[in-house]
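Okay, so here's the structure we're looking at.
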Amino acid sequence: MQNLKKARLVLQDGTIFEGTSFGYEQSVSGEVVFYTAMTGYPESLTDPSYKGQILVPTYPMIGNYGVPSEDKKDGLPAFFESDKIHCTALVISDYSFAYSHWNSEKSLGQWLKDQKVPGLFGIDTRALTKKLREHGSMLGKIVFADQDVEFYDPNKENIVAQVSTPEVKEYGHGKYKVVLVDCGVKYNIIRHLLKRDVTVKRVPWNYDFTNEACDGIFLSNGPGDPAQCEETIQNIRKMLEKQIPIMGICLGNQLMARAAGAETYKLKYGHRSHNQPVMEPGKNRCYITSQNHGFAIDDNTLPEDWEPLFVNVNDGTNEGIRHKSKPFFSAQFHPEASSGPVDTEYLFDEFVKNMEKSKK
């Protein structure tokens, strides 16, 4: 540990936190966000929705179970949510140099170095989280020695284009054919569809899918401001004139809303955790959900033929929408929950039921 370098996390308001490097040693900048999950750092780090962000877990000890193997199943990494780490950097309180798990192949620090992602430990993440909760998400940068960099706001550009697949890919040989619009898809979404007898055609974010012969359209999660994805929104708008079932998750929820004519806005510090409670309006049932988003739908701007499907119990923000007569619905949270609770996994079954009805 004597050779570990020091580095600083510098926030946009001038606040400085000094820490010790355990990852790749390079100055970077992005949006600083916190998440409250106790486990699941391999899945979170490979979630494309964290593109452009400096990730701060609130759970103090990270790295104790290492990083799993890169084994593949159905053409996808079995234990990750994409093919690489997408967050800009990782900032933690206590790094566990000793790791142990039946499936671990390397340490978290080695993985970060291999993927050229900086990591800092020894940061007071409680104080940092408190500042983010009071101020809201902030821009920040990790600075090594004299390698200073400018602040970078990922929400000012279309980062969906950076995480979407560059080419069409197909998975499975199921009864139903679904076009998956990849805006930064988590691989567990594909796994859930494959389990339900679905053939998945994964297409780029700006692919014209309006004339595709398919049984359903799936709008994936992804990073950044939904307003940056105008090409996707225009394609969805055309599909809303038809009766082909559509399901969306996370960014897909926001894109569907904007295509329908609603507005979205940036949340103060977003929802990033495995324990967000949501309820269906008018029903006395609560679901615990995994979430990762920094923008939300303004319910007051929904057209008359649309309605909220779920609401966040903590702050009353929108957690999903549905059309009152057509087979379109979406969820702001993650029913595929990798990692996290599986309370709302049934929404995939609802999507398949909609496709089954539309084929009759």
Side-chain angles (χ1 to χ4, degrees), residues 30-31 33 43-53 55 72 74-77 80-88 115-117 152-172 177-194 198-212 214 216-239 246-259 264 270 291-295 330-332 334-336 338 351:
E31 182 183 24
V33 300
E43 295 91 342
S44 293
L45 290 174
T46 53
D47 181 352
S49 294
Y50 282 121
K51 178 70 175 178
Q53 296 179 328
L55 192 57
K72 291 193 173 184
D74 297 322
L76 303 170
F80 300 108
E81 287 306 293
S82 69
D83 296 314
K84 64 179 182 179
I85 296 175
H86 283 282
C87 68
T88 298
Q115 301 260 330
K116 297 184 177 181
V117 176
Y152 163 67
D153 186 352
N155 299 305
K156 297 296 185 182
E157 62 183 54
N158 182 6
I159 52 177
V160 165
Q162 301 174 27
V163 298
S164 176
T165 179
E167 59 188 7
V168 175
K169 301 178 181 179
E170 290 203 10
Y171 308 88
K177 181 178 180 181
V178 169
V179 173
L180 169 63
V181 185
D182 180 6
C183 297
V185 66
K186 290 178 66 178
Y187 282 169
N188 213 39
I189 290 175
I190 300 176
R191 297 183 191 109
H192 272 287
L193 292 173
L194 293 178
V198 168
T199 299
V200 177
K201 182 175 183 179
R202 179 183 172 195
V203 302
W205 71 278
N206 58 350
Y207 181 91
D208 185 357
F209 54 86
T210 56
N211 293 312
E212 284 284 329
C214 62
I217 303 292
F218 200 102
L219 311 174
S220 87
N221 65 292
D225 186 346
Q228 298 284 350
C229 301
E230 187 57 33
E231 292 176 73
T232 313
I233 292 169
Q234 292 297 335
N235 288 329
I236 298 170
R237 186 168 292 140
K238 294 176 184 177
M239 295 305 296
I246 305 176
M247 177 178 173
I249 286 178
C250 196
L251 181 67
N253 179 54
Q254 299 158 17
L255 295 177
M256 182 125 71
R258 293 187 71 91
T264 54
Q291 302 196 12
N292 177 12
H293 58 275
F295 289 79
S330 53
Q332 186 58 61
H334 288 274
E336 84 286 355
S338 183
F351 178 52

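Starting from 1, each residue takes its place in the sequence as its number.
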Cationic N near anionic O, under 4.0 Å, Lys156 to Glu31:
no
To the nearest 0.5 angstrom, please state how far the [atom1] atom of [X] sits from the [atom2] atom of [Y].
{"X": "Gln254", "Y": "Ile233", "atom1": "CD", "atom2": "CD1", "result": "10.0 Å"}
{"X": "His334", "Y": "Glu81", "atom1": "NE2", "atom2": "CD", "result": "9.0 Å"}
{"X": "Gln332", "Y": "Gln291", "atom1": "CD", "atom2": "CD", "result": "7.0 Å"}
{"X": "Thr232", "Y": "Asn158", "atom1": "OG1", "atom2": "CG", "result": "7.5 Å"}
{"X": "Met239", "Y": "Asn211", "atom1": "CE", "atom2": "CG", "result": "8.5 Å"}
{"X": "Thr165", "Y": "Arg202", "atom1": "OG1", "atom2": "CZ", "result": "4.5 Å"}

Does the side chain of [Y] come within less than 4.5 Å of [X]'s, by heavy atoms?
{"X": "Asp225", "Y": "Phe295", "answer": "yes"}
{"X": "Asn292", "Y": "Asn221", "answer": "no"}
{"X": "Thr88", "Y": "Tyr152", "answer": "no"}
{"X": "Lys201", "Y": "Tyr207", "answer": "yes"}
{"X": "Cys183", "Y": "Leu219", "answer": "no"}
{"X": "Gln115", "Y": "Lys84", "answer": "yes"}
{"X": "Ser82", "Y": "Lys186", "answer": "no"}
{"X": "Val178", "Y": "Ile217", "answer": "no"}

If you compare all heavy atoms of [X] against all heavy atoms of [Y], which two are closest, and at what distance to 0.1 Å?
{"X": "Gly224", "Y": "Leu251", "answer": "O-CD1, 4.2 Å"}
{"X": "Ser220", "Y": "Gly184", "answer": "OG-N, 3.6 Å"}
{"X": "Thr210", "Y": "Asn235", "answer": "CG2-O, 3.5 Å"}
{"X": "Pro204", "Y": "Val181", "answer": "O-CG1, 4.2 Å"}
{"X": "Thr46", "Y": "Glu43", "answer": "OG1-O, 3.2 Å"}
{"X": "Gly52", "Y": "Pro154", "answer": "O-CG, 3.4 Å"}

Checking side chain to side chain contact (heavy atoms under 4.5 Å, CB included) for the pair Thr264/Arg258: CA distance, chi angles, key distance, verdict?
CA-CA 7 Å; Thr264 54; Arg258 293 187 71 91; 2.7 Å; yes
Evaluate the side chain to side chain contact (heavy atoms under 4.5 Å, CB included) criterion for residues Asp182 and Val203: first the C-alpha distance (whole Å), next the side-chain angles of each, then the deciding distance (0.1 Å), finally the verdict.
CA-CA 6 Å; Asp182 180 6; Val203 302; over 6 Å; no
Kindly determine whether Glu157 and Gln162 satisfy side chain to side chain contact (heavy atoms under 4.5 Å, CB included), including the steps that lead there.
CA-CA 10 Å; Glu157 62 183 54; Gln162 301 174 27; 2.7 Å; yes
Walk me through whether Asn188 and Arg191 qualify under side chain to side chain contact (heavy atoms under 4.5 Å, CB included).
CA-CA 5 Å; Asn188 213 39; Arg191 297 183 191 109; 3.2 Å; yes
